[in-house]
Trainee: 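I am attaching a structure below and will ask some questions about it afterwards.
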2 protein chains.
Amino acid sequence: MDNDGIILALGALAQTTRLDVFRLLVRHEPAGIAAGEIARQLEIPHNTLSAHLGILARSGLVQSQRKSRSIIYRANLEGFRAMMLFLVSDCCGGNPDQCATLINELISCCPAKPAVFQY
Amino acid sequence: MDNDGIILALGALAQTTRLDVFRLLVRHEPAGIAAGEIARQLEIPHNTLSAHLGILARSGLVQSQRKSRSIIYRANLEGFRAMMLFLVSDCCGGNPDQCATLINELISCCPAKPAVFQY
DNA sequence: TCCATATTTCATATATAGTGGAAATAACAG
DNA sequence: CTGTTATTTCCACTATATATGAAATATGGA
């Protein structure tokens with residue numbers, strides 16, 4: 001992910017409605033949800049939601065696919081991970097110790113164990 | 001970190017100048033840099049930078065302390081980690097496997113090893 | 001084809017963000 | 001107190017973001 005990409009991704013999530021939409025999409029992985037169903041659940045007008053979904057899609061954090069009359073939106077978790085990696089590498093670049101602290105905290109908070117625990 | 005906090009933090013970093021400032025501050029941990037020195041290095045007018053530093057400070061991602069005539073700015077890495085934890089917990093909430101994938105990628109990218117490797 | 005459903009695009013209004021000149025504030029030295 | 005340096009605040013301007021009614025587009029069924 002390049003510099004413009006990270007700005008787009010951060011900006012996409014830096015808005016309450018869009019952050020809510022993204023969280024909803026993450027919870028509905030991998031099935032996804034139709035745009036209209038998102039609008040219903042979050043009580044947002046269709047056209048307003050459409051604009052927000054466009055911003056999320058352009059940022060690479062969500063993907064869409066038409067299915068009959070509906071358009072199914074899904075979180076792009078690979079894009080999300082790319083954003084996180086970019087942010088952490090910024091942090092690590094100057095502060096390797098801080099990076100270790102962060103990863104330890106993430107391991108503590110995460111319900112699933114990373115591969116390193118499986119040895 | 002609450003919901004408003006994460007929006008503030010994401011919004012603070014979702015702007016090229018501020019992201020540059022934050023990266024510069026991370027690289028200068030733990031000494032910090034004076035506001036004027038940041039302006040000089042990034043070639044930003046003082047008043048413009050001041051506005052951006054205010055936004056970063058209000059978001060909790062940077063801290064400042066006056067030292068004689070200068071004001072020294074420092075990255076608040078604890079705030080940064082809080083933001084990252086919030087984002088990852090959103091991801092993990094719906095997808096424990098994705099969380100494990102992300103942490104493994106972070107471990108690979110990070111120059112320093114987390115505590116789990118020290119056993 | 002005609003209609004209903006699902007979503008987006010267009011047009012427009014309002015709000016918030018970004019920028020930088022000029023003035024104000026803070027610290028300190030003479 | 002005066003002058004110098006460092007930073008912020010004030011103000012005005014421009015640009016971008018957000019929101020939504022109305023119209024347009026796309027799909028599929030009768």
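Here is the naming used below: chain letters follow the sequence lines, and residue numbers restart at 1 for every chain.
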Trainee: Assigning hydrophobic clusters by single linkage (Ile, Leu, Val, Met, Phe, Trp, Tyr; side-chain heavy-atom cutoff under 4.5 Å), is B/I6 placed with A/F22?
Mentor: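 Same hydrophobic cluster.
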
Trainee: Any side-chain heavy-atom pair from B/P30 and B/R74 closer than 4.5 angstrom?
Mentor: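 Yes. Closest side-chain heavy atoms under 4.5 Å.
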
Trainee: Indicate whether OP1 or OP2 belonging to D/dA6 is found under 4.0 Å from a side-chain N or O atom of B/Y73.
Mentor: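 For D/dA6, OP1/OP2 do not have a side-chain N/O of B/Y73 under 4.0 Å.
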
Trainee: When all nucleic acid strands are considered with a 4.0 Å heavy-atom cut-off, which category describes A/S70: base, sugar-phosphate, or nothing?
Mentor: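 Result for A/S70 = sugar-phosphate.
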
Trainee: Looking only at atom types and distance, does a side-chain atom of B/R18 sit under 3.5 Å from a main-chain N or O of B/A12, one as donor and one as acceptor?
Mentor: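 Yes, B/R18 side chain to B/A12 backbone: donor-acceptor pair under 3.5 Å.
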
Trainee: Under 3.5 Å, which donor-acceptor pairs do the side chains of residues 35-47 of chain A form with other protein atoms, sequence neighbours left out?
Mentor:
residue, atom, partner, partner atom, Å
A/E37, OE1, A/R40, NH1, 2.6
A/E37, OE2, A/Q41, NE2, 3.0

Trainee: Nearest whole Å is fine: how far is D/dT5 C1' from B/R40 CZ?
Mentor: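 Going from CZ in B/R40 over to C1' in D/dT5 covers 10 Å.
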
Trainee: Could you state the atom-to-atom distance from CD of B/E37 to C1' of D/dT5 in whole Å?
Mentor: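 So the two atoms are 14 Å apart, to the nearest Å.
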
Trainee: Once each nucleotide of nucleotides 24-30 of chain D is scored for protein heavy atoms under 4.0 Å, what B/S/- sequence comes out, 5' to 3'?
Mentor: --SBS--

Trainee: Looking only at non-hydrogen atoms, find the nearest pair between B/A14 and A/I7 and report the distance.
Mentor: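 Result for this residue pair: O-CG2, 3.8 Å.
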
Trainee: Quick one: what's the B/S/- string for nucleotides 16-23 of chain D, heavy-atom cutoff under 4.0 Å, read 5' to 3'?
Mentor: --SSBBB-

Trainee: Spell out, yes or no, whether B/I55 and B/L53 are grouped together once hydrophobic residues are joined by side-chain heavy atoms under 4.5 Å, including indirect joins.
Mentor: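 Different clusters.
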
Trainee: Rounded to whole Å, how long is the line connecting atom NE2 of A/H46 with atom P of C/dA6?
Mentor: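 Going from NE2 in A/H46 over to P in C/dA6 covers 8 Å.
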
Trainee: Atom CG of A/L102 and atom CE of B/M83: how far apart are they, to the nearest 0.5 Å?
Mentor: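 Taking CG in A/L102 and CE in B/M83, the distance rounds to 9.5 Å.
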
Trainee: Looking at every strand, decide which applies to B/A34 at a 4.0 Å heavy-atom threshold: base, sugar-phosphate, or nothing.
Mentor: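 Since only primed, P, OP1 and OP2 atoms lie under 4.0 Å of B/A34, the category is sugar-phosphate.
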
Trainee: Going only through I, L, V, M, F, W and Y residues with side-chain contacts under 4.5 Å, is there a path from A/L77 to B/I107?
Mentor: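 Cluster IDs for A/L77 and B/I107 match.
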
